[in-house]
Amino acid sequence: MESKTLLFLFTSSLCCILSIHAQTLRTYIVQLHPHGETSFLFSSKLNWHLSFIQQAVSSDDDPSSRLLYSYRSTMDGFAAQLTQTEFEYLQKLPDVISIRPDHQLQIQTTYSYKFLGLNPLREDAWYQSGFGRGTIIGVLDTGVWPESPSFNDHGMPPIPKKWKGICQKGQAFNSSSCNRKLIGARFFTKGHLAASPSRIPEYLSPRDSSGHGTHTSSTAGGVSVPMANVFGYAKGVARGMAPGAHIAVYKVCWFNGCYNSDILAAMDAAIRDGVDVLSLSLGGFPLPLYDDSIAIGSFRAIEHGISVICAAGNNGPLAMSVANEAPWIATIGASTLDRKFPTIVHMGNGHVLYGQSMYPWDPHMSSSKKELELVYVTDGDRESQFCLRGSLPRHKVEGKMVVCDRGVNGRAEKGQVVKEAGGAAMILANTEINLEEDSVDVHVLPATLVGFDESLVLKSYINSTIRPLARIEFGGTVIGKSRAPSVAQFSARGPSLIDPSILKPDVIAPGVNIIAAWPQNLGPTGLPEDSRRVNFSVMSGTSMSCPHVSGIAALIRSAHPQWTPAAIKSAIMTTSQVSDHTGRPILDGDKAAGVFAMGAGHVNPERAINPGLIYDIKPDDYVAHLCSLGYTRSQIFSITHRNVSCHEMMKMNKGFSLNYPSFSVIFKDGMRRKMISRQVTNVGSPNSIYWVEVKAPESVKVIVKPKHLVFKHRNQRLRYRVWIMSRKRREGADTMAFAEGHLTWVNSQNGSYRVRSPIAVTWK
Ligand SMILES: *[C@@H]1O[C@H](CO)[C@@H](O)[C@H](O)[C@H]1NC(C)=O
Ligand SMILES: *[C@@H]1O[C@H](CO)[C@@H](O)[C@H](O)[C@H]1NC(C)=O
Ligand SMILES: *[C@@H]1O[C@H](CO)[C@@H](O)[C@H](O)[C@H]1NC(C)=O
Ligand SMILES: *[C@@H]1O[C@H](CO)[C@@H](O)[C@H](O)[C@H]1NC(C)=O
Ligand SMILES: *[C@@H]1O[C@H](CO)[C@@H](O)[C@H](O)[C@H]1NC(C)=O
């Protein structure tokens, strides 16, 4: 997130330089009709796919040289490099139902390494429920460091019989890299290489060059590692959410990003390989579902009973920033933990500032006790303020404590820049964008992060005196002193831009200062210059939240093998909590968090295994929902492979609303009342009675009928209706107003079964 703005500029200029070389060729994803008129003429799908390229390509090029992937499970179609003319030709063919250019997505960590691939690199650094038992979590990411102690298979059960995946050989990776924990690994480069043909110094294999994929896959399913820590900070047992689950990694992200063509190929393989859960800590911006490869691929996945869990993105707190918002995906925002790494900055004027740091502080090392001269280099352009590479003049910073503003480049990189310029310490100052958000990192020199308020005090002190001084006192790890969980500042927010009738994100899960496995050839900062070696490092982002929920989905799946992905998601949502560990509302900054920040709430794995009731959804139900969005027949076809007349479907399903575990009602065009129907399935004990508890949103009346549900059997389904009525007088034409409440079914015999659904109301 830090470097997003610059990064986008950078990668787009890179792409244009490259596209001058390969001016005419661009990667497209071509989706074909699964029962295409011409398909029967060919002996295999591959030959059928090649025939389209053959027809389109006028030159003597061998069609197979243009083909990147042939897709079978996520869609019938292929990815190929085509010229504009060839693209236009294919677009007109009757069997082609959609064709779209390949896009680049990003991993969703707030710590960005993307600049790394562009730095000169040192060669050696680069080339060298039973706890989810029986389930397989597929992780689409930057690969894995298989020797990490988190992927030890001691005590793991045998590989499930249904597993059909492979352990793909490549650079520094062979079949012995996999075991009973890490049961599969594949890598996908074709889309990436087509877009950035220059050889990038990273492992051409499932081996992780950046750390992100090792971190996320161990968060989902890593085994227990006692005494895991980062330089003595946060000492404790590191354990994935589902330590009994098997992991399969699909490397689709490279230093230049993750391409849709590679992601689709990975999902295509994962569906056939037999994963139970797919974890995608990557994404971009909201896209209509028929243009969104992840939405399309995951529709096929859920049809195969695979849960798909995705990061919501890090573009918060901006409203409508949530991505990966298809209703069949579980969309995960980020929360904070109650663990802090406090520091105190003693300024020369006797005042103190409070910050956070994970610098490997040694109490016997005198340098960290020393008072240093403070400097904030602001003259010239803004580069030195952000401590960009080459922006700090040595004569100004040598031996000093340098203040760097957050943003533009990676946080760890700023520390490296200060160190290279001769600086002795660093204070990383939040700006107005980050406010008090406190993601910490490991740095290469003594450093601390301070919030925005503190940064103003610090800068005015520097301004007020000729020789400003400061000293950093490091305080180790403190647990339980702060209110948590709370919503992470950067966590992407709803309402959903493309489908506001579904409340997104679905839930939040820990995503700030998460400690998990790390490649053993990388320093904890991930910077090539960092020669320290660790087994664990710290990261923040919705990238870290997503695998927590993937692990929880594996736990539920292992406890209830028959449940659908929608049932598993319902269990996670309706049992999540809306109060923090002090019993007060979960905070978002200094206010109580709203539903567009936290969805149904903060995940609670223990309750999610035993939710009492679930809201189930069949794949066919999503078709009616897509009709209600006004999608055309062919748009719906390209997502669902179902050829329906929405006119008839809506006539048959009058007043249809998706059986979603949360409610989002939009009042517009003078509408004042909406009836919603829902169906719950009893997955708790037989002979259960549930009573409804409603907190109506402000200016809204809510009526539920019936008010109680009497279940005689397990798996019995009962329907109820909700009328939501606006009492608001007409709003001004262009104001948008929101209100929120909830509807909870409470078991009358056992009050711990509380099945809670948030209600969001929007006036447009
Ligand atoms: C696989 O790699 C490991 C370590 O990287 C090496 O010790 C082993 O000999 C390799 N095995 C094969 C069959 O290449
Ligand atoms: C410090 O002083 C400079 C110039 O006098 C001014 O532009 C800047 O706003 C001041 N900064 C703070 C934080 O007071
Ligand atoms: C990392 O883990 C390996 C295997 O458990 C161990 O041998 C090594 O000492 C650890 N390295 C560090 C820096 O803790
Ligand atoms: C869907 O069915 C209609 C007729 O029922 C047909 O004209 C149309 O080509 C079909 N579309 C697809 C994408 O199969
Ligand atoms: C009450 O509900 C909880 C789940 O929330 C369950 O663990 C517990 O066994 C139930 N108790 C009884 C007596 O059914």
Side-chain angles (χ1 to χ4, degrees), residues 30-40 75-77 90-99 124-128 143-155 166-179 181-182 185 187 203-209 211 214-215 218 222-240 243 290 296 299 358 360 442 515-526 530-538 623 626-627 631-649:
V30 182
Q31 195 176 352
L32 301 174
H33 198 295
H35 320 290
E37 289 167 20
T38 53
S39 65
F40 72 96
M75 63 166 66
D76 213 321
L90 284 181
Q91 210 171 19
K92 295 194 191 102
L93 297 181
D95 281 346
V96 173
I97 60 173
S98 96
I99 173 163
D124 63 339
W126 294 101
Y127 292 93
Q128 305 187 55
V144 68
W145 193 265
E147 294 82 11
S148 159
S150 295
F151 305 116
N152 189 316
D153 70 351
H154 185 74
I166 59 165
C167 192
Q168 192 180 354
K169 269 193 209 149
Q171 189 179 8
F173 208 96
N174 63 31
S175 59
S176 67
S177 304
C178 295
N179 59 19
K181 166 54 74 180
L182 180 66
F187 65 107
Y203 295 109
L204 270 177
S205 76
R207 188 174 288 276
D208 186 1
S209 306
T214 303
H215 201 277
S218 71
V223 295
S224 298
V225 183
M227 296 301 286
N229 68 83
V230 184
F231 294 135
Y233 284 92
K235 247 182 219 154
V237 177
R239 196 189 75 158
Y290 50 84
I296 295 173
F299 190 87
M358 282 184 97
V442 181
I515 290 169
W518 198 247
Q520 291 160 320
N521 74 330
L522 277 183
T525 58
D530 190 352
S531 60
R532 300 170 293 178
R533 293 295 169 257
V534 291
N535 284 320
F536 294 92
S537 192
V538 65
V623 181
L626 294 174
C627 282
Y631 283 13
T632 65
R633 189 189 273 248
S634 73
Q635 287 166 344
I636 292 176
F637 189 86
S638 66
I639 301 167
T640 65
H641 284 187
R642 286 163 175 78
N643 191 2
V644 295
S645 150
C646 280
H647 182 72
E648 272 161 36
M649 178 155 267

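Given the structure is predicted, the values throughout are model-derived calculations rather than measurements. Numbering of ligands and ligand atoms starts at 1, following listing order. Note: hydrogens, waters and symmetry copies are ignored here, and every other heavy atom, side chains too, is used.
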- request: Can you pull out the closest protein heavy atom to atom 13 (C) of ligand 3? Residue, atom name and distance to 0.1 Å, please.
  value: Arg533 O, 3.6 Å

message: Quiz question: by atom type and distance under 3.5 Å, do the side chains of Gln520 and Asn535 form a donor-acceptor pair?
response: yes

query: When you measure from the side chain of Trp518 to the backbone N and O of Gly526, does any donor-acceptor pair fall under 3.5 Å?
result: no

query: Can His35 be said to touch ligand 4, with heavy atoms closer than 4.0 Å?
result: no

message: As an exercise, identify every atom of ligand 1 less than 4.0 angstrom from a heavy atom of Ser176.
response: 1 (C), 2 (O)

Ser638 versus Tyr290, closest heavy-atom pair with distance: OG-CB, 3.9 Å

Closer than 4.0 Å: a protein non-hydrogen atom to atom 9 (O) of ligand 4: no

Passing option when Leu626 is tested against Ile636, Val644, Thr632 for side-chain contact (heavy atoms from CB on, under 4.5 Å): Ile636

query: Would the Phe637 and His33 ring centres measure less than 6.0 Å apart?
result: yes

From NE2 (His215) to CG (Asp208), nearest 0.5 Å: 11.0 Å

- request: Give a yes or no on whether atom 5 (O) of ligand 1 lies under 4.0 Å from any heavy atom of the protein.
  value: no

field: Glu147 touching ligand 3 at heavy-atom level, < 4.0 angstrom
entry: no

query: For atom 1 (C) of ligand 4, what is the nearest protein heavy atom, given as residue, atom name and distance?
result: Asn643 ND2, 1.5 Å

message: Just to confirm my output: which protein heavy-atom neighbour is closest to atom 3 (C) of ligand 4, and how far is it?
response: Arg633 NH1, 3.5 Å

- request: Taking Gln31 for its side chain and Asp76 for its backbone only, find out whether a donor-acceptor pair lies under 3.5 Å.
  value: no

message: Can you confirm, on distance only, whether ligand 3 has an N/O atom lying under 3.5 Å from any N/O atom belonging to Asn535?
response: yes

